[in-house]
Amino acid sequence: MPPTTVKSAYWSGFRDGTPFILMALPFALLFGVVGTEAGLGFGQTFAFSLLVIAGAAQFAALQLMIEDAAIVMVILAAVAVNLRMAMYSASLVPYLGAAPMWQRVLIAYMNFDQTYVASITKYEAVPDLTIAQRVAYFFGVASPIVPTWVGSTVIGIVAGSAIPPEYALDFIVPIMFLAMVGPLLKTKAHVAATVTSVVVALSLASLPSGTGLLIAAACAMVVGVVVETWDARNP
């Protein structure tokens with residue numbers, strides 16, 4: 001049954017966002033642990049999660065920081081990983097573009113995979129929602145996720161501080177990426193892009209400051225587009 005008030009829209013979003021806690025909690029815990037192991041202080045790791053709120057981008061930036069990459073490369077890598085957020089924002093404009101500025105600022109801050117997917121699905125399924133109800137629903141989805149992400153990061157930081165330095169857990173970051181990428185390899189384009197990124201990144205591993213990784217990412221995107229276009233023209 002579609003929400004009939006702003007309050008009911010919020011709680012509908014809250015219910016839809018609650019299952020995502022199961023995804024946010026372990027990722028944030030691990031980031032807190034690995035961030036501490038990588039040498040970041042409590043405030044740095046906490047601020048990282050609070051300001052960015054983007055698992056893949058945080059882990060990508062952290063990996064480059066572990067490799068002593070230049071800050072410019074760290075920022076570029078995080079931006080590249082999060083480029084999809086620009087597409088998310090563009091597709092939300094027809095539904096939320098008329099909201100007050102302060103609400104749009106908060107929506108932009110909390111616009112990540114889970115809030116976007118849940119919200120756009122609801123907006124398309126119930127097109128007669130008012131602007132206020134759409135905003136309330138979005139905030140409802142974000143309400144259980146954001147505190148869980150930040151709070152779990154703090155728990156991870158505390159746990160990481162208790163782990164002896166000789167146990168160095170930096171190796172978890174690349175393993176985490178493998179676990180994240182594996183389930184996404186569903187098409188030829190995905191596989192081709194992944195293989196390309198691996199080959200190019202390894203070939204350019206000697207380049208300084210993570211430059212090879214960014215070049216590999218660009219090559220992978222080009223190859224992925226070419227393969228996808230080819231498949232579309234030759235079904």
Side-chain angles (χ1 to χ4, degrees), residues 2-21 23-25 27-28 31-32 35 40-62 64-65 71-157:
T4 56
T5 66
V6 171
K7 183 177 180 179
S8 63
Y10 173 84
W11 286 112
S12 176
F14 191 95
R15 287 191 297 272
D16 290 345
T18 299
F20 290 119
I21 289 177
M23 299 172 61
L25 193 151
F27 272 79
F31 181 78
L40 298 181
F42 182 98
Q44 292 171 315
T45 309
F46 175 77
F48 210 150
S49 266
L50 180 64
L51 298 176
V52 180
I53 312 186
Q58 289 180 213
F59 279 102
L62 183 61
L64 288 178
M65 292 168 68
I71 187 63
V72 173
M73 294 302 174
V74 174
I75 294 174
L76 287 176
V79 170
V81 172
N82 265 3
L83 279 177
R84 68 190 187 283
M85 302 303 172
M87 293 184 287
Y88 291 174
S89 298
S91 68
L92 286 174
V93 169
Y95 300 101
L96 301 173
M101 175 62 75
W102 70 269
Q103 292 181 345
R104 283 182 281 142
V105 169
L106 289 177
I107 289 168
Y109 169 66
M110 295 184 289
N111 183 23
F112 42 81
D113 294 333
Q114 293 82 4
T115 51
Y116 170 76
V117 170
S119 296
I120 199 69
T121 300
K122 172 64 74 172
Y123 301 158
E124 291 176 350
V126 189
D128 58 343
L129 290 175
T130 66
I131 290 293
Q133 288 173 331
R134 291 170 185 165
V135 171
Y137 181 86
F138 187 98
F139 288 159
V141 175
S143 290
I145 302 173
V146 174
T148 297
W149 180 264
V150 177
S152 297
T153 298
V154 172
I155 296 173
I157 295 170

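Since the model is a prediction, treat every value here as computed from it, not as a measurement.
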Open item on the list: Rounded at 0.5 Å granularity, tell me how far OG1 in Thr115 sits from CD1 in Ile120.
Closed with: 11.0 Å
Task: Rounded distance [0.5 Å steps], CD in Gln44 versus CD1 in Ile157 - done: 10.0 Å
- [ ] Hey, could you give me each pair passing side-chain hydrogen bond (donor to acceptor under 3.5 Å, both in side chains) that has a residue in residues 138-147? Not counting sequence neighbours.
- [x] Tyr10-Ser143
TODO: Would you list the pairs meeting side-chain hydrogen bond (donor to acceptor under 3.5 Å, both in side chains) in which at least one residue belongs to residues 93-103, sequence neighbours left out?
DONE: none
- [ ] On the 0 to 90° scale, with breaks at 30° and 60°, tag the Tyr88-Tyr116 ring pair as parallel, tilted or perpendicular.
- [x] parallel
- [ ] Return yes when atom CE of Met110 has more than 12 non-hydrogen atoms of other residues, nucleotides or ligands closer than 6.0 Å, and no otherwise.
- [x] yes
Can you name the closest pair of heavy atoms from [X] and [Y] and give their distance?
X	Y	value
Tyr123	Leu96	OH-CD2, 3.7 Å
Gly35	Thr45	C-OG1, 4.0 Å
Phe138	Asn111	CZ-CA, 3.9 Å
Pro144	Gly17	CG-C, 3.7 Å
Gln114	Ile145	CB-CD1, 3.8 Å
Ala118	Phe20	CB-CE1, 4.2 Å

- [ ] Output, in order, the C-alpha distance, side-chain angles, deciding distance and verdict of side chain to side chain contact (heavy atoms under 4.5 Å, CB included) for Lys122 and Leu129.
- [x] CA-CA 9 Å; Lys122 172 64 74 172; Leu129 290 175; 4.0 Å; yes
[Y] and [X], any side-chain heavy atoms less than 4.5 Å apart:
X	Y	result
Lys7	Trp11	yes
Leu51	Tyr109	no
Val126	Asp128	yes
Phe42	Val154	yes

Task: Test item: Arg134 side-chain N/O and Pro127 main-chain N/O as donor-acceptor pair under 3.5 Å - done: yes
Open item on the list: Determine whether Asp16 and Thr121 satisfy the following criterion, side chain to side chain contact (heavy atoms under 4.5 Å, CB included), listing intermediate values before the conclusion.
Closed with: CA-CA 11 Å; Asp16 290 345; Thr121 300; over 6 Å; no
Task: Set of side-chain hydrogen bond (donor to acceptor under 3.5 Å, both in side chains) partners for Ser49, sequence neighbours left out - done: Gln58, Trp149, Thr153
